Asker: 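Okay, here's the structure, questions in a sec.
Letters go in sequence order (proteins before strands), and every chain restarts at 1. On a predicted model such as this, the values are computed, not experimentally measured, just so you know.
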Amino acid sequence: MQFTLQKTDDKTSARAGEIITDHGKIQTPVFMPVGTAGTVKGVHMRDVKEDVKAQIILGNTYHLYLRPGMKIIEQAGGLHRFNGWDGAILTDSGGYQVYSLSGTRKLDENGVLFRSHIDGSKHQFTPENVIDTQHSLGSDIMMAFDECTPYPCHYDDAKKSLDITHKWLARCVKREEETEPKYGYSQSLFPIVQGSTFRDLRIASAEEIASYGADGNAIGGLSVGEPHEVMYEMTELVCGILPNDKPRYLMGVGTPENILKSIALGVDMFDCVIPTRNGRNGMLFTKNGIFNIKNKKWENDFNPVDPEGTSFVDHLYSRAYLRHLFSARELLGGMIASQHNLAFYLWLMREARQHILNGDFSSWKAMMIPRVKQRL
RNA sequence: GGGGGGAUACCGAAGCGGUCAAACGGGGCAGACUGUAAAUCUGUUGGCUUAGCCUUCGGAGGUUCGAAUCCUCCUCCCCCCA
């Protein structure tokens, strides 16, 4: 994997760049649709590629390990071959599940003991087997196994957790060096900065992570309930330490506003379930604001879903029809909303990139944020 | 023709003398969702000048300090027998 920094904004820390993977080029800043179980929920891969214009999508180690299991994925020839997505794939390590499934797991020195949310069976995740699993998945970008801390988090707990994350990282890197990709193309490993909301921990972590000289670096443990200002503060702090010549990935973020503000802080890569999950629940994002398609006000609005949208669904269907689909709990409703939201997110990223290249990102962002966050 | 069972809020359905503006579902209305155990979850759902008041449990009367609950008549629906 190669990263080329093409331009840095004069007034902010926003950057435009390009990542080259063995599954294609990725122009940054980039938004990566989340495909936890090997599917971007509700959207065909053809549309993820051609209509949404995604360049890279996510997969999840924990979920794919439990089902269908690595035997099946390996028989398929890797995740790309299995799910029909031939673009780049980034796999999360399962570190987020250490946080989100905290009720069904136990940490020990070696790793994490999970209780499967599917059948209750016990499984151990270690830095080593998480790397092995990601080799079986064949993702272009593998994530280090980390512990995503909850918010709020006591300082001592955050520090203890950070030490574990750093120890696990060393083991991930060692394992990665000792093993080979399985499918004939290269895989990069991104380490993850943790440290909760504590400046000194974040600084120490960012320095530790930077010392590895990885192909790219991630910021984790944010957007877990802390105030947005704290999230931006930590992001800015960490971006100032992580190397300039490598992509920075802010994990799990966020709303269009969160993303634009974080681009300005120097982040290059984003992922978030909001466009798909909130879309399935009726929330639509547009360049003119956010609305809930389930609301009565759209009942007889026969205008297109999004007259300025880039997806075919924006023009083929009306708001009244989409509302009807949600009212009737028709599957197509969530599919349309997901595809629309993703297309909007990807459009927003292309625009941001273009304005960075044009040199007017700052003013464009100032104009755009109030627009995209308003409620319609 | 004979016998029996019902009618409760938008719908279905509990309640069978006071703690009932009335459980629970559905539907309606609104909210939440940030490296997805989520096509899920939460709130709300008679009216108003909202610590209270008014109207409401098929209709009309009655018993009672007090009735969705008991009695009488009426209207409509369902089941069984002929």
Asker: Counting only Watson-Crick pairs (N1-N3 plus N6-O4 or O6-N4) and G-U wobbles (N1-O2, O6-N3), all under 3.5 Å, who is the partner of B/C76?
Answerer: B/G6
Asker: Identify whether any heavy atom of A/Ile192 sits under 4.0 Å from a base atom; if not, whether one sits that close to sugar-phosphate; answer base, sugar-phosphate or nothing.
Answerer: base
Asker: When all nucleic acid strands are considered with a 4.0 Å heavy-atom cut-off, which category describes A/Arg115: base, sugar-phosphate, or nothing?
Answerer: nothing
Asker: Give a yes/no on whether any side-chain N or O of A/Arg323 is located under 4.0 angstrom from OP1 or OP2 of B/G28.
Answerer: no
Asker: Go through B/C33, B/U34, B/A39 for me and flag the one nearest to the A/Asn258 side chain.
Answerer: B/U34
Asker: Is it the case that A/Thr286 and A/Asn288 place a side-chain donor and acceptor less than 3.5 Å from each other?
Answerer: no
Asker: When you measure from the side chain of A/Lys294, which nucleotide among B/A37, B/U40, B/G35 comes out closest?
Answerer: B/U40
Asker: By the 4.0 Å heavy-atom rule, please label A/Thr276 as base, sugar-phosphate, or nothing.
Answerer: base
Asker: Only one of A/Asn217, A/Val238, A/Ile192, A/Ile219 forms a side chain to side chain contact (heavy atoms under 4.5 Å, CB included) with A/Ile209, so which one is it?
Answerer: A/Asn217
Asker: Please confirm whether the shortest side-chain N or O distance from A/Ser223 to OP1 or OP2 of B/U34 is below 4.0 Å.
Answerer: no
Asker: Let's see if you can work this out: which of B/U36, B/G35, B/A30 has an atom nearest to the side-chain heavy atoms of A/Arg277?
Answerer: B/U36
Asker: Can you tell me which nucleotide in B/U34, B/A37, B/A39 comes closest to the side chain of A/Asn281?
Answerer: B/A39
Asker: Where the side chain of A/Ile274 is concerned, which of B/C29, B/A39, B/U34 is the nearest nucleotide?
Answerer: B/U34
Asker: Side-chain donor-acceptor pair under 3.5 Å between A/Ser136 and A/Glu74, yes or no?
Answerer: yes
